[in-house]
Amino acid sequence: MTEAFRLRPFEDGDFLRVEGDRLLLDGVDLTALAGSHGTPLFVYSARRLRENARGLQEAFRRHHPKSSVCFASKACANLSVLRLVGEEGVDLEVNSGGELQKARRAGFDPSRLVFNGVAKSEAEIALALDPPIKAINVDSPFELARIADVASARGVRARVALRGVPGVEGGSTAGIETGSTRSKFGMTAGEIEVCLDMAAARPDAIAVVGLHVHIGSQMTDLGLYAQAARYVAQRAATIRDRFPADFAHVNIGGGFPINYVKYDDQSAAIGYFHSHVDAGDIAATAAPILTAALGAGIEILTEPGRAMTSNAAVCLARVEGIKERDGIRWLYLDTGYSVLPESGFGWYFHMVTANRAAESETAAMRVVGPLCDSIDVYFDMEGESKLAALLAAEPALGAHEALLRRKLVQTPPFRELPAGTGPGDVIAILDTGAYQVEMANHYCGRLRPAAVMVGQDGAVTTIRRRDTLDDLIAAEEV
Ligand SMILES: Cc1ncc(COP(=O)(O)O)c(C=O)c1O
């Protein structure tokens, strides 16, 4: 047993705590919940969601009172979650006509919605104009022309914010970095100029109300937020000079990180799963730069997704099988990357055996999912294989193995779990409240998971029913 394990750092106030041998979430026994509702099961905490919604709004308002949070609903567009954060005063960022419709269904007034995306269809633009939302974030001159045409045809003026490329790189992994011209998002200075000229030429169809950036997800480097804020401050001032009557907000996007790694001795070699940066630090970095350049009257929008919902839920999985191979235990869960799609990209999620949470005798195990695919594992199969291939091809690289491992292998090879963990046990996979249910799919004929919410009174409500066999086949019975 390591010192770190004995400290049980996954315990988190009332949110997660151990009573007897059981792990509880807001006082509810997770093992019992897995028994009554089945697995895989996402368990959300209403209390934690409300705390996050308030905390994220407060973080920027402390530095700049005229600030609003537009929750990136792609992180979790469950109607119950949307309604709950909406009650706390949070607005929404949507990324498709589907998310726009869900936002409306959840009761959000159009004036509380911003619409992002790189390939909006005419139909989606029409939806955003009828009735008009707070801002359509424009990704290219081509798109602005399309928006202007759709607006003209309807005789309305589209409120748009221009998405810029702040030239920010690093801090996370390339697949989720969005702030440089290497990514597909946003506009260069030249492209923004074209948009400004177009807006000046078509004042009846376009109102330039804002400037937008988004630098990536799980961005742990405060310096990158400072860089993005300086870009926004400088660019926004010139755009406002051209459109002083309309220009009203700057939007610095989301990307606020959370700390996924609970044990120092299990930290991933690549550091971005381990974060000590929070929204308060980001606000303290970015808001003063924006206020100094643009004044207290400008509205600052943010679009956190992950930071709103990740740490408000756990996913419960059951151990379905076991293998002992070369002295190492392999645990086969009923939950793989069809339920936790980010695990398929090598994301680290911490695990706790919910029905053995107090056991102190632990062992290192390989933990894997049920899908018919070698990457359906909770370690970095690709990275480990690349490292082995490099070392085999060039033995001299052995001198740099530690560095290569740090750069190539994203997640730890083993999970330290109570030594008795085996079939029938319930594994709580932490910090899974963002991007998982939304991306879950039917691969390998798996049913998409159910989700429940623990209310502040301790009552458990189903907020998403588990798919049925009919859901699996209905679209194909044509
Ligand atoms: C434009 C935009 N805003 C906000 C977000 C939310 O990012 P995060 O969940 O990392 O806060 C995303 C995520 O992809 C995005 O593309």
Side-chain angles (χ1 to χ4, degrees), residues 49 52-53 55-57 59-60 68-78 81-82 85 90-96 99-100 103 113-120 124 128 133-140 143 160-166 168 171-180 183-187 210-222 224-225 228 232 249-260 272-273 275 277-279 281-283 286 300-313 341-342 345 347 431-439:
L49 284 170
N52 287 350
L56 285 163
Q57 292 178 98
F60 269 79
S68 307
V69 171
C70 300
F71 167 51
S73 62
K74 65 179 82 63
C76 182
N78 180 279
V81 172
L82 296 184
V85 298
V90 165
D91 299 338
L92 287 192
E93 180 261 356
V94 299
N95 220 277
S96 66
E99 283 185 354
L100 185 51
L113 304 179
V114 297
F115 186 4
N116 274 302
V118 288
K120 301 176 195 79
E124 287 177 314
I133 63 169
K134 183 178 180 111
I136 304 176
N137 291 341
V138 177
D139 205 71
S140 66
E143 185 175 83
V160 303
L162 306 179
R163 178 164 180 172
V165 181
V168 171
S172 190
T173 184
I176 53 175
E177 282 172 20
T178 54
S180 80
S183 92
K184 66 180 179 180
F185 298 96
M187 294 187 278
L211 175 66
H212 174 240
V213 296
H214 170 69
I215 58 176
S217 202
Q218 185 66 9
M219 304 303 279
T220 55
D221 182 346
L222 286 177
L224 301 182
Y225 288 99
V232 169
H249 77 250
V250 289
N251 180 340
I252 62 161
F256 306 177
I258 70 149
N259 187 22
Y260 287 92
Y272 57 79
F273 297 119
S275 173
V277 170
D278 64 18
D281 302 319
I282 294 165
I300 300 178
L301 308 188
T302 56
E303 299 174 338
R306 194 176 295 283
M308 185 73 77
T309 56
S310 286
N311 70 358
E342 281 189 320
F345 317 150
W347 208 262
D431 301 317
T432 44
Y435 294 113
Q436 311 313 311
V437 181
E438 284 306 309
M439 292 192 204

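The first residue in the sequence is number 1, and the count goes up from there. Whatever order the structure lists them in is the order used to number ligands and atoms, beginning at 1. Since the model is a prediction, treat every value here as computed from it, not as a measurement.
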Review point. Any N or O on Ala72 sitting closer than 3.5 Å to an N or O of ligand 1?
Key: no
Check your understanding: Charged N to carboxylate O below 4.0 Å: is that the case for Arg163 and Glu143?
Key -> no
Check your understanding: Would you say Asn116 and ligand 1 have an N/O pair spaced under 3.5 Å apart?
Key -> no
Point to revise | Per-atom contacts, ligand 1 versus Arg306 - under 4.0 Å to a heavy atom | key: 8 (P), 9 (O), 11 (O)
Review point. Does Pro304 have a non-hydrogen atom less than 4.0 Å from ligand 1?
Key: yes
Point to revise | Contacting atoms of ligand 1, where contact means under 4.0 angstrom from a heavy atom of Arg163 | key: 1 (C)
Review point. What part of Met308, side chain from CB on, backbone N/CA/C/O, both or neither, has a heavy atom under 4.0 Å from ligand 1?
Key: neither
Check your understanding: Would you say Val81 and Thr309 make side-chain contact, with heavy atoms under 4.5 Å?
Key -> yes
Point to revise | Glu99 (side chain) donor-acceptor with Ala77 (main chain) under 3.5 angstrom | key: no
Revision key, fill the gap. Within 4.0 Å of some non-hydrogen atom of Gly254, the atoms of ligand 1 are 4 (C), 11 (O)
**Study point:** ligand 1 N/O within reach of Gly305 N/O, cut-off under 3.5 Å
**Key:** yes
Review point. Ligand 1 versus His214, non-hydrogen atoms closer than 4.0 Å: side chain, backbone, both, neither?
Key: side chain
Check your understanding: At a 4.0 Å cut-off, with the gap strictly under it, does some heavy atom of Ala75 reach an atom of ligand 1?
Key -> no
Practice item. Considering the heavy atoms of Glu303, write down every atom of ligand 1 situated less than 4.0 Å from one of them. Key: 1 (C), 2 (C), 3 (N), 4 (C), 5 (C), 6 (C), 11 (O)
**Study point:** Proximal ligand 1 atoms for Tyr435, defined as those under 4.0 Å from one of its heavy atoms
**Key:** 6 (C), 7 (O), 8 (P), 9 (O), 13 (C)
Revision key, fill the gap. Checking heavy atoms under 4.0 Å, the part of Met219 that sits near ligand 1 is neither
Exercise for review: May I ask you to list the atoms of ligand 1 that are less than 4.0 angstrom from any heavy atom of Ser217?
Suggested key: 8 (P), 9 (O), 10 (O)
